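Written out below as structure tokens is the structure these notes cover.
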Amino acid sequence: MNFTRWSARLPGTQRRAAARTDPAVSPDRRPDGSVPAARVEQLTDEAPPVPAVDDLPVRDVLGRVPALVALVHGPDHRLAYVNDAYVAAFGMRDLGARAREALPELDEPGLFPLLDQVQRSGRPRTLKSRKAPDGRSYTFTCTPVTEGDGGGDRGVLVFATDVTDHAEAAARLRASERRQRETAVTLQRSLLPQELEEPDDLRVAATYHPGGTEAAVGGDWYDVITLGGGRTALVIGDVMGRGVRAAAVMGQLRTAVRAYARLDLPPHEVLQLLDGLATEIDANQIATCVYAIHDPNEGRLVYASAGHLPILVRDEHGTVQRADEPTGPPLGTGGWVHTSGSISLTPGSTAVLYTDGLVERRDEDLDEGIAALERALSGATGTPQVICDRLVRSAGVTPDHDDDVAVLVLQHPARTGADAELFRNAALELLGGVEAAPRARAFASGVLASWRFPPDLHDLGVLATSELVANSLQHGTPPMRLRLRRTDRRLIIEVTDGDDHLPRRRRAEPGDESGRGIAIVATIATNWGSRRTPGGGKAVWCEFALPKP
């Protein structure tokens with residue numbers, strides 16, 4: 001085969017051919033035919049002519065390039081030529097044989113279907129960084145060629161550039177990024193609660209989905225904290241940014257939330273403390289967060305939000321309500337006084353706390369994503385975990401999702417039948433003076449007897465009631481109230497009054513006539529605590545764990 005009759009249809013080849021035959025005026029001559037002075041000396045020196053690219057022997061050029069070159073022609077791709085670099089890489093090849101037999105090394109990178117495609121379409125195609133049987137990586141470019149200018153028999157020129165060093169560097173970079181992401185994901189998951197606390201009155205479930213393999217893990221987190229006295233704190237947040245730094249900041253904020261929650265502060269005061277801490281951790285790092293407290297006696301969810309997405313609550317009839325207000329700026333901005341709001345959470349209701357990865361999409365407004373979540377929640381039934389999974393599926397979250405997703409679902413179940421017998425409430429307004437104490441003891445004795453507590457627990461409950469009421473009568477102010485509550489796990493006794501001075505446990509001296517009440521309660525009860533109430537005043541409580549049936 002005459003190799004020089006084959007020409008690649010490369011950009012510029014036809015332009016150079018046209019330039020040699022174009023009778024237009026040369027750029028080295030003036031319109032009148034004279035030669036510029038600067039060129040006269042060159043012409044008179046009789047410099048040796050420089051050959052045009054098209055005049056160079058193609059076989060010699062291709063034989064000297066370091067890239068691998070092969071030429072096939074005809075519909076069955078018969079081998080017409082391989083250069084020296086190709087022979088050095090894969091050995092001698094039989095010219096005239098079909099490519100599938102002569103060039104088996106092109107099968108593994110997937111070039112044979114590409115040869116057919118290039119020959120049919122007449123357009124070049126490229127396969128980037130494919131590994132060949134010799135263990136090296138090549139970028140293959142297949143270019144259509146024709147014999148002569150009449151578009152006769154077609155062939156394909158295969159040009160393979162060795163990119164092994166680049167491919168190995170890219171693989172090392174991907175491996176490094178994968179290790180960094182795995183480190184961040186491991187840190188993130190280790191900082192999240194391994195098991196959620198289980199409140200008596202709520203059923204909770206949560207899920208966390210890190211971003212896809214191309215996205216660094218973010219700083220989403222959630223937590224459930226039992227506060228004692230039947231109350232439960234729930235929190236979800238999102239640290240802006242990605243990687244190990246965001247996960248580390250998230251861990252510090254989550255730890256701080258648990259510490260502040262033990263103070264039993266209102267939600268807005270917890271966010272105030274978190275705001276200051278976030279500024280100290282990193283002035284350039286901000287985070288959104290919503291902190292909520294559920295009190296089964298109130299039937300409401302009291303919350304405060306720092307730039308976070310609204311809580312959604314679905315009632316027992318399927319109506320979804322959005323808790324929009326109040327919302328302050330994100331944590332770490334400083335200079336803002338957060339406030340608390342509330343939303344109804346009656347028996348049979350379900351609340352959802354979530355991060356923006358669940359509802360935010362690049363091609364749609366954020367409100368549209370929240371509205372879609374509301375529609376999904378309105379028809380969601382079942383356990384909290386079932387609802388979690390359904391909301392994640394409805395939002396289209398897949399393993400390659402481009403953002404982290406955290407969802408926290410809580411249910412206040414509506415109990416009936418035998419289950420309802422395990423959850424009881426009783427309350428007494430403490431009116432009058434010193435006679436309120438014996439009345440409270442009699443009330444507690446009758447209630448605990450009706451709840452069929454064993455004698456030892458009955459007596460301990462009456463003693464704790466007596467001490468808490470006596471403490472309130474001595475150090476508190478009206479109005480005063482006694483509340484007894486039982487769940488399937490514990491007995492809770494709580495006394496409220498109008499004075500906001502919180503009691504503390506202290507060691508009474510032998511000659512002291514007071515100061516032993518709280519010490520007695522702390523000794524006999526499983527747990528005890530106190531907190532300030534929103535309207536002014538305080539609540540002092542204790543609880544006893546019930547024996548397992």
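Keep in mind it's a predicted model, so treat the numbers as computed, not measured. Heads up: numbering here begins at 1 and tracks the sequence.
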Could you tell me whether the side chains of [X] and [Y] share a donor-acceptor contact shorter than 3.5 Å?
X: S466; Y: R441; result: yes
X: S472; Y: D497; result: yes
X: D220; Y: T355; result: yes
X: T350; Y: R314; result: no

Within-4.5 Å side-chain heavy-atom neighbours: [X] and [Y]:
X: L353; Y: Y222; answer: no
X: P329; Y: H338; answer: yes
X: V495; Y: T465; answer: no
X: L253; Y: C289; answer: no

| T164/H166 under side chain to side chain donor-acceptor pair (under 3.5 Å): CA gap, chis, key distance, verdict | CA-CA 5 Å; T164 303; H166 295 83; over 6 Å; no

| Salt-bridge present (R258, E197; N to O < 4.0 Å) |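 Yes, this pair counts.
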
| A167: partners by side chain to side chain contact (heavy atoms under 4.5 Å, CB included), with sequence neighbours left out |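 Partners of A167 under the side chain to side chain contact (heavy atoms under 4.5 Å, CB included) test: S129, S137.
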
| How would you list, by chain and number, every residue that makes a side chain to side chain contact (heavy atoms under 4.5 Å, CB included) with A351, sequence neighbours excluded? |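 A351 satisfies side chain to side chain contact (heavy atoms under 4.5 Å, CB included) with L301, I311, V313, L345, L410 once adjacent residues are dropped.
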
| field | side chain to side chain contact (heavy atoms under 4.5 Å, CB included) partner of E360, chosen from D365, V405, L366 | value |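 Answer to the side chain to side chain contact (heavy atoms under 4.5 Å, CB included) test with E360 among D365, V405, L366: L366.
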
| message | With a 3.5 Å distance limit and no angle check, can you tell me whether T477 reaches the backbone of D499 through a side-chain donor-acceptor pair? | response |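 Yes, the answer is positive, given that a donor and an acceptor are paired below the 3.5 Å cut-off.
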
| request: Please check if the distance between the ring centroids of H501 and H475 is under 6.0 Å. | output: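 Not close enough - the centres of the two rings lie 6.0 Å or further apart.
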
| So T526 and E543, side chain to side chain donor-acceptor pair (under 3.5 Å) or not? Walk me through it. | CA-CA 6 Å; T526 306; E543 57 186 30; over 6 Å; no

